[in-house]
Enquirer: 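The structure under discussion is supplied below as structure tokens; questions concerning it will follow.
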Amino acid sequence: MMSAGPGSALRDAEAGSLQIAGSAVVLGAARLGEGSLVAQGAVIRSFGGGVEVGTGSAVIENCVVVGNPEMPATIGRRTVFGHRCLVIGASVGDLCEVGNASVLMPGARLGDRVFLGEGTLVPPEMELPSGAVAVGRPAHVVRRASEDDFHRLTALRDGDLSLPPPTAVTVEGPQEPTVDQLYAYRGIVPTIAASAALFPTAEITGDVAVGDRTIVGAGVKIIGDSHGPVRIGDDVQILENTVLHLLPDNDLVIDDGVIIGPGSMIHGCRIGARSVVEPGAIVCDTSVIGAGCVVRAGAGVTQRSRFAAGAEIDGHPAAEIGHLAEPPPVPAWALRRDDFPVRA
């Protein structure tokens, strides 16, 4: 068994050429194949052993892979993800080529040799057949892969599309959060509640206050270095590789119980209590999201947008597509309190 966390060098162990970059983070126990790569800034969260990355596959810079027993994430052999991809409880076959910033949601299934264009969103439970070329938000198949596509894939795989036998080694990373990654700006130091939890490589700078029992995931950056404050309530989750920032003369307020999914961008806005922002969404400056809303995966909420309580929000630019009778449930990709120890 290997262990992996921040500050580790590229590792080489019984898994042969398995590589985990020093700034990558593995949380929980993941199964990684020989010759696989977890590159700089990537995060794998595999509590309950919910993530498997196949032999020779690459999870490259700033990607996030999340899986658990309820929502496993499985990646086949010699599949490569572009930068900033999000794989949330999805299944991906062998020899796939996944474009930068693509988002794969729970239950999505990709066959073998699937090509995804950049920024493709594969929604929950969508299945893309082997040999498909798909683009869009949501994804749609534009054609079958051509001989030219396979020639390109062959070139990207060093002239060889053969599949090695399945291999796997368990890689287990730290589960206990810390409060070490705090930075002053102009003499202002972040204020973090004693019961809050910061995971490895999360960093918080300047005029930021974080409430009780709030979780800040691995790779999250919360930056309070402009004129306005960042205020984050109690029982909030801000998950892997999300960025929070704001413009001068603005503020950023996240109310109690909000859950923000991996890879989101939250900038100078207000998000009401018990709202859910799904993975890869963007909420822009001076926007207001009411209480109990859901912002769907990959949605782009433009500047100065206003949404009343209970709105279901989707699209790019985002619009209200429905109304929720009650606050959205806790998503399967969110953290649970028994996933890790939290200080009393």
Side-chain angles (χ1 to χ4, degrees), residues 62 177-295 299-309 311 313 318 327-328 334-335 342-343:
N62 283 71
T178 69
V179 289
D180 296 335
Q181 309 91 250
L182 307 179
Y183 303 95
Y185 180 79
R186 294 182 177 174
I188 301 176
V189 178
T191 301
I192 311 298
S195 58
L198 276 63
F199 275 86
T201 66
E203 297 178 291
I204 302 179
T205 302
D207 189 3
V208 179
V210 175
D212 285 314
R213 299 172 303 280
T214 283
I215 298 167
V216 181
V220 169
K221 311 303 179 192
I222 305 176
I223 308 162
D225 61 0
S226 295
H227 297 292
V230 178
R231 298 293 179 258
I232 299 169
D234 300 335
D235 300 300
V236 172
Q237 294 191 30
I238 303 170
L239 297 177
E240 294 82 6
N241 282 359
T242 286
V243 176
L244 276 66
H245 196 214
L246 70 170
L247 294 173
D249 302 315
N250 199 357
D251 56 17
L252 172 54
V253 178
I254 310 296
D255 287 337
D256 296 347
V258 169
I259 299 174
I260 299 175
S264 296
M265 170 67 74
I266 310 298
H267 213 281
C269 58
R270 294 185 173 228
I271 301 179
R274 296 186 63 188
S275 289
V276 172
V277 179
E278 292 189 339
I282 301 170
V283 184
C284 293
D285 294 281
T286 68
S287 295
V288 176
I289 306 295
C293 292
V294 59
V295 181
V301 178
T302 56
Q303 291 184 0
R304 297 176 293 280
S305 296
R306 298 287 188 275
F307 293 97
I313 302 162
L335 283 163
V342 177
R343 296 175 303 280

Enquirer: Using only atom types and a distance under 3.5 Å, with no angle test, would you say the side chain of Thr205 pairs donor to acceptor with the backbone of Ile223?
Expert: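 Such a contact is absent between Thr205 side chain and Ile223 backbone.
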Enquirer: Looking at every heavy atom in both Cys269 and Cys284, which two are closest together, and how far apart are they?
Expert: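 The answer is CB-O, 3.6 Å.
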Enquirer: Just verifying a value: how many Å separate Leu252 CG and Asn250 CG, rounded to the nearest 0.5 Å?
Expert: 8.0 Å
Enquirer: Using every non-hydrogen atom in the two residues, find where Val276 and Pro328 come nearest and quote the distance to one decimal.
Expert: CG2-CG, 3.7 Å
Enquirer: Has the side chain of Asp225 got a donor or acceptor atom that lies under 3.5 Å from a matching backbone atom of Tyr185?
Expert: no
Enquirer: If we ignore hydrogens and angles and just use 3.5 Å, is the side chain of Thr191 paired with the main-chain N or O of Ala209 as donor and acceptor?
Expert: no
Enquirer: Which pairs with one or both residues in residues 270-295 pass ring pair (Phe, Tyr, Trp, His ring centres under 6.0 Å), sequence neighbours excluded?
Expert: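 Residue pairs with at least one partner in residues 270-295: there are none.
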Enquirer: Short question: side chain of Ser275, backbone of Gly292 - any donor-acceptor pair under 3.5 Å?
Expert: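 Flag set: sc Ser275 to bb Gly292 pair under 3.5 Å.
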Enquirer: With salt bridge (charged side-chain N to carboxylate O under 4.0 Å, His left out) as the rule and sequence neighbours excluded, what pairs involving residues 229-243 come up?
Expert: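 Counting only pairs at least two positions apart or across chains, the salt bridge (charged side-chain N to carboxylate O under 4.0 Å, His left out) contacts touching residues 229-243 are Arg45-Glu240, Asp207-Arg231, Arg213-Asp235.
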Enquirer: Which residues satisfy the salt bridge (Lys or Arg N to Asp or Glu O under 4.0 Å) test with Asp251, sequence neighbours excluded?
Expert: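 Expected list: Arg270.
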Enquirer: Rounded at 0.5 Å granularity, tell me how far CD1 in Ile238 sits from CZ in Phe199.
Expert: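 Output value for this atom pair is 13.0 Å.
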Enquirer: Which pair of non-hydrogen atoms, one from Gly233 and one from Thr214, has the smallest distance, and what is that distance?
Expert: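 Smallest heavy-atom distance, with atoms named: O-OG1, 2.7 Å.
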Enquirer: Please report the closest heavy-atom contact between Asp212 and Ser195, naming both atoms and the distance.
Expert: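 The answer is OD1-OG, 3.1 Å.
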Enquirer: For side chain to side chain contact (heavy atoms under 4.5 Å, CB included), just list the numbers for Ile232 and Ile222, CA-CA rounded to whole Å, side-chain angles, deciding distance to a tenth of an Å, and then say yes or no.
Expert: CA-CA 10 Å; Ile232 299 169; Ile222 305 176; 3.8 Å; yes
Enquirer: Go through the structure and list residues passing side-chain hydrogen bond (donor to acceptor under 3.5 Å, both in side chains) with Glu203, not counting sequence neighbours.
Expert: Tyr183, Lys221
Enquirer: How long is the straight-line distance from CD1 of Ile215 back to CG of Leu335, given to the nearest 0.5 Å?
Expert: 5.0 Å
Enquirer: Taking only residues at least two apart or on different chains, which pairs with a member in residues 273-285 satisfy salt bridge (charged side-chain N to carboxylate O under 4.0 Å, His left out)?
Expert: Glu278-Arg296
Enquirer: When you measure from the side chain of Thr201 to the backbone of Ala218, do you find a donor-acceptor pair of N or O atoms at a distance under 3.5 Å?
Expert: no
Enquirer: Step by step, would you call Phe307 with Val295 a side chain to side chain contact (heavy atoms under 4.5 Å, CB included)?
Expert: CA-CA 10 Å; Phe307 293 97; Val295 181; over 6 Å; no
Enquirer: Could you go step by step and tell me if Asp255 and Val253 meet the side chain to side chain contact (heavy atoms under 4.5 Å, CB included) rule?
Expert: CA-CA 6 Å; Asp255 287 337; Val253 178; 3.5 Å; yes
Enquirer: Could you pull out the closest heavy-atom pair between Ile204 and Pro190, with the gap in Å?
Expert: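 Taking every non-hydrogen atom into account, O-CG, 3.5 Å.
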Enquirer: Is a side-chain donor or acceptor of Gln181 paired with a backbone partner of Leu198 at a separation under 3.5 angstrom?
Expert: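 Not at all, since once roles are kept as given, no pair shorter than 3.5 Å links the two residues.
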Enquirer: Which heavy atom of Ile313 sits nearest to which heavy atom of Ala318, and what is that distance?
Expert: CG2-CB, 3.5 Å
Enquirer: OG/Ser287 to CZ/Arg304 distance, rounded to the nearest 0.5 angstrom?
Expert: 8.5 Å
Enquirer: List in chain and number order the residues that pass side-chain hydrogen bond (donor to acceptor under 3.5 Å, both in side chains) with Thr302, two or more places apart in sequence or in another chain; answer none if no residue qualifies.
Expert: Ser305
Enquirer: Are there over 12 heavy-atom neighbours, none belonging to Arg306, within less than 6.0 Å of that residue's CZ?
Expert: yes
Enquirer: Can you list the steps and then say if Ile282 with His267 is a side chain to side chain contact (heavy atoms under 4.5 Å, CB included)?
Expert: CA-CA 8 Å; Ile282 301 170; His267 213 281; over 6 Å; no
